[in-house]
Amino acid sequence: MPHTLASLVNHTALKLTVLAGEGRLEVPVRWAHASELIDPVPYMEGGELLLITALKLDAEDAEATRRYVRRVAEAGVVGLGFAVGVNYEGVPQALVEAAGEQGLPLLGVPRRTPFIAISKAVSAAVAADQYRAVTAGFEAQRELTRAALSAEGPAELLARLAAHLDGWAALYDASGAVVAAAPDWAARRAARLADDVGRLRERPAPASSVVSDTDGDDRVELQSLGTGRRARGVLAVGTGAPLGTAERYAVHSAVALLTLTTERSRALQDAEQRLGAAVLKMLLAGEPDHARAVAGRLYGGLLDAPFRMVVAEAVAGEEQGSAAAAGGGASGVLDGLADAMDSAAARTGEAVLAVPDGGRLIVLVANGGAAADACAAYAAAVEARTGGQPRSGGRAGRAEAGHAAGVAIGLSAPTGPMAAANAYRQAEQALSVARRRGRALVEHEDVAAGSVLPLLADDAVRAFADGLLRALREHDARGRGDLVASLRAWLARHGQWDAAAADLGVHRHTLRYRMRRVEEILGRSLDDADVRMELWLALKATSGAPGE
């Protein structure tokens, strides 16, 4: 409980009297300070009880006194204590009226009460208040520590923290998703802060920010979790008023404990990563039995059921700026994906095998598990933060503009240890399609069910097609025939002369002559099936080009 002017007035040993400002005695007092300066404002911080004898102030000059009182009130002084019987036998009426006009409490200090007694009383009260806050903070720390070590872990910690703050608390993982909240209704409130959490995660940890609710219901403070350059999570606390000293201790304790629970030791992470890399290497080498033996209890459960292979890359080139904004550059995007999948799996007890491979991330996840869904959700979340629009239909997290999202992900079909190498090829193929189509996430099933034609959008394919057909287009541009259109019609009709000629509106002999010219100009025979295939694909790759 902060010390107030009212508590000073009620202090029986001080015998203070209230001369003005009776309605503002509940204001907290931060300190008591004596000053006889005509302008003490430069030495005030706000919240002080200013003690004066009016040694230099002409307290009977109404105008001078009014200016003095107005200035100290505007500086944040919460009250004046006037020594009666020192320089003035009574309290000057001008001072009483000036204090009343400003609504500033004016206390009469009897001659037998020295200013030092008032200062000691305020100092003792401030010290006692600080002691109570520290004690309450230590108690909160012990309570939160017990909660963090309980079976419920972070969820119980958040519940205790919310009760201590008389507010709510929420925890976000590295992807910005809400993983726990207390009370339960706070999950909806926390979900509305996704943009603010995303902006905080872009800053190096530790970082914090204060968010004012648009409805004016609460004050929300966000604290990043982690010790590295990138946040491992975010803690949000909502209260009806700014945090006091005891509440601040509690929040700092929660941040430290949550950081410990979300930041595994670097040595343990490195050891798990080396083990995972060894297991993956054995799986890809066709040695599932050895892989299972090495996996042990850490990854053994993952190999006992169908799993899926994920291969992810951060997008390079012009889009890298967007990727950096979304998660701290190429490594930040992939680290965020790994953290999101790991956090989701941890909530369900799944195992996730994640191995960085140069600029890639290779992950084994349980088929149909939380980590696989988190992979899709992460792609959508990064996409949303960079302004893209999620693709309609399909798995919940897939998105159209993967390049804008700064990540491209390929996902294999469900498989087992014996077919891990094939699953890796499937994931790589899906990743290649994701890059070409500008998608954030492509599954192998989509590749198998799709068409090969979208793959022709590659710049290298188009350059080859342009080179292959350039001579024919130059021939047509000189007005010597419609060889490109004739070739297209002939190939579309599978070499049926009469049908292709009818499509073109020419005699079949004219079409035969044109096809001989095509062979002469290209120096290639149309009897060769490979030649016909290359020409058809070249025509599809350049459809819509000038002259087509």
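Just so it is clear, the values below take in all heavy atoms, side chains as well, and ignore hydrogens, waters and symmetry mates. Residue numbers run from 1 in the order of the sequence given.
- Around the CE atom of M418, the shell of radius 6.0 Å holds no more than 12 heavy atoms that belong to other residues, nucleotides or ligands.
- Counting non-hydrogen atoms of other residues, nucleotides and ligands closer than 6.0 Å to CZ of R188 gives a total of 12 or fewer.
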Evaluate the criterion side-chain contact (heavy atoms from CB on, under 4.5 Å) for residue pair E247 and L161; output intermediate values, then yes/no. CA-CA 9 Å; E247 290 80 7; L161 178 62; over 6 Å; no
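- A donor-acceptor contact shorter than 3.5 Å is absent between the side chain of D342 and the backbone of V352.
- Residue pairs meeting the ring pair (Phe, Tyr, Trp, His ring centres under 6.0 Å) criterion with at least one member in residues 187-208, sequence neighbours excluded, do not occur.
- A salt bridge links E313 to R435: at least one charged side-chain nitrogen sits closer than 4.0 Å to a carboxylate oxygen.
- Note that CG of D503 is 10.0 Å distant from CD of Q496, once rounded to the nearest 0.5 Å.
- With hydrogens and angles disregarded, a donor-acceptor distance shorter than 3.5 Å links the side chain of T259 to the backbone of V255.
- Counting only distance, with no hydrogens or angles, the side chain of S224 and the backbone of A207 share a donor-acceptor pair below 3.5 Å.
- Looking only at side-chain heavy atoms (C-beta outward), L539 and V484 come within less than 4.5 Å of each other.
- Considering every non-hydrogen atom in both A169 and A186, the closest pair reads O-CB, 4.4 Å.
- Across all their heavy atoms, A344 and A374 have their closest contact at CB-CB, 3.5 Å.
- Atom CG of L144 sits about 6.5 Å away from atom CG of L257, to the nearest 0.5 Å.
- Once rounded to the nearest 0.5 Å, the distance linking CG of L472 with CG of L487 reads 6.5 Å.
- Summarising the geometry of A236 relative to Y172, their closest heavy-atom pair is CB-CE1, 3.7 Å, with the distance given to 0.1 Å.
- V363 places a side-chain heavy atom less than 4.5 Å from the side chain of M341.
- Atom CD1 in I409 sits 4.0 Å away from atom SG in C375 (nearest 0.5 Å).
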Checking salt bridge (Lys or Arg N to Asp or Glu O under 4.0 Å) for the pair D304/R292: CA distance, chi angles, key distance, verdict? CA-CA 9 Å; D304 290 337; R292 195 184 302 276; 2.5 Å; yes
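- To the nearest 0.5 angstrom, R425 atom CZ is 10.0 Å from H444 atom NE2.
- Look at D218 and R189 and you find a salt bridge, because one of the NZ, NE, NH1 or NH2 atoms lies within 4.0 Å of a carboxylate O, short of that distance.
- Salt bridge E156/R160: present, at least one basic N to carboxylate O contact under 4.0 Å.
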Could you check L469 against L535 for side-chain contact (heavy atoms from CB on, under 4.5 Å), going step by step and ending with a plain yes or no? CA-CA 8 Å; L469 301 175; L535 288 172; 4.0 Å; yes
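- Nearest heavy atom pair, residue A295 against residue L303, reads CB-CD1, 4.1 Å.
- In this structure the side chain of L302 never reaches within 4.5 angstrom of the side chain of V279, judged on heavy atoms.
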Would you check, one step at a time, whether the test side-chain contact (heavy atoms from CB on, under 4.5 Å) holds for T415 with M309? CA-CA 8 Å; T415 189; M309 187 86 71; 5.9 Å; no
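- For the residue pair A312 and L337, the shortest heavy atom distance occurs at CB-CD2, 3.6 Å.
- Judged by distance alone, with hydrogens and angles left aside, the side-chain atoms of D173 form a donor-acceptor pair with the main-chain N or O of A177 at under 3.5 Å.
- Residue pairs meeting the ring pair (Phe, Tyr, Trp, His ring centres under 6.0 Å) criterion with at least one member in residues 477-505, sequence neighbours excluded, are W490-W497.
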Hey, mind stepping through D482 and L504 against side-chain contact (heavy atoms from CB on, under 4.5 Å) and telling me if it holds? CA-CA 10 Å; D482 296 324; L504 293 168; over 6 Å; no
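- Taken to the nearest 0.5 Å, the CG atom of L353 stands 10.0 Å off from the CD1 atom of I362.
- Contact check for E445 versus P414: side-chain heavy atoms found under the 4.5 Å cut-off.
- The residues E534 and R532 are annotated as not salt-bridged, no charged nitrogen and carboxylate oxygen being separated by less than 4.0 angstrom.
- The main-chain N or O of V294 is never found under 3.5 Å from a side-chain atom of Y299 such that the two would form a donor-acceptor pair.
- Residues L511 and S486 approach most closely at CD1-CB, 3.9 Å, considering heavy atoms.
- Panel note: side chain R308, backbone S412; a donor-acceptor pair is recorded below 3.5 Å.
- Considering only residues two or more places apart in sequence or on other chains, H290 meets the side-chain contact (heavy atoms from CB on, under 4.5 Å) condition with M282, E287.
- At a threshold of 4.5 Å between non-hydrogen side-chain atoms, the residues L468 and R524 count as touching.
- Under the 4.0 Å criterion applied to side-chain N and carboxylate O atoms, D476 and R473 are not assigned as salt-bridge partners.
- No hydrogens or angles considered: a donor-acceptor pair under 3.5 Å links the side chains of E221 and Q223.
- Taking a cutoff of 4.0 Å between a charged side-chain nitrogen and a carboxylate oxygen, E519 and R514 do not qualify as a salt bridge.
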Walk me through it: do D196 and R199 pass the test salt bridge (Lys or Arg N to Asp or Glu O under 4.0 Å)? CA-CA 5 Å; D196 299 291; R199 284 189 289 270; 2.7 Å; yes
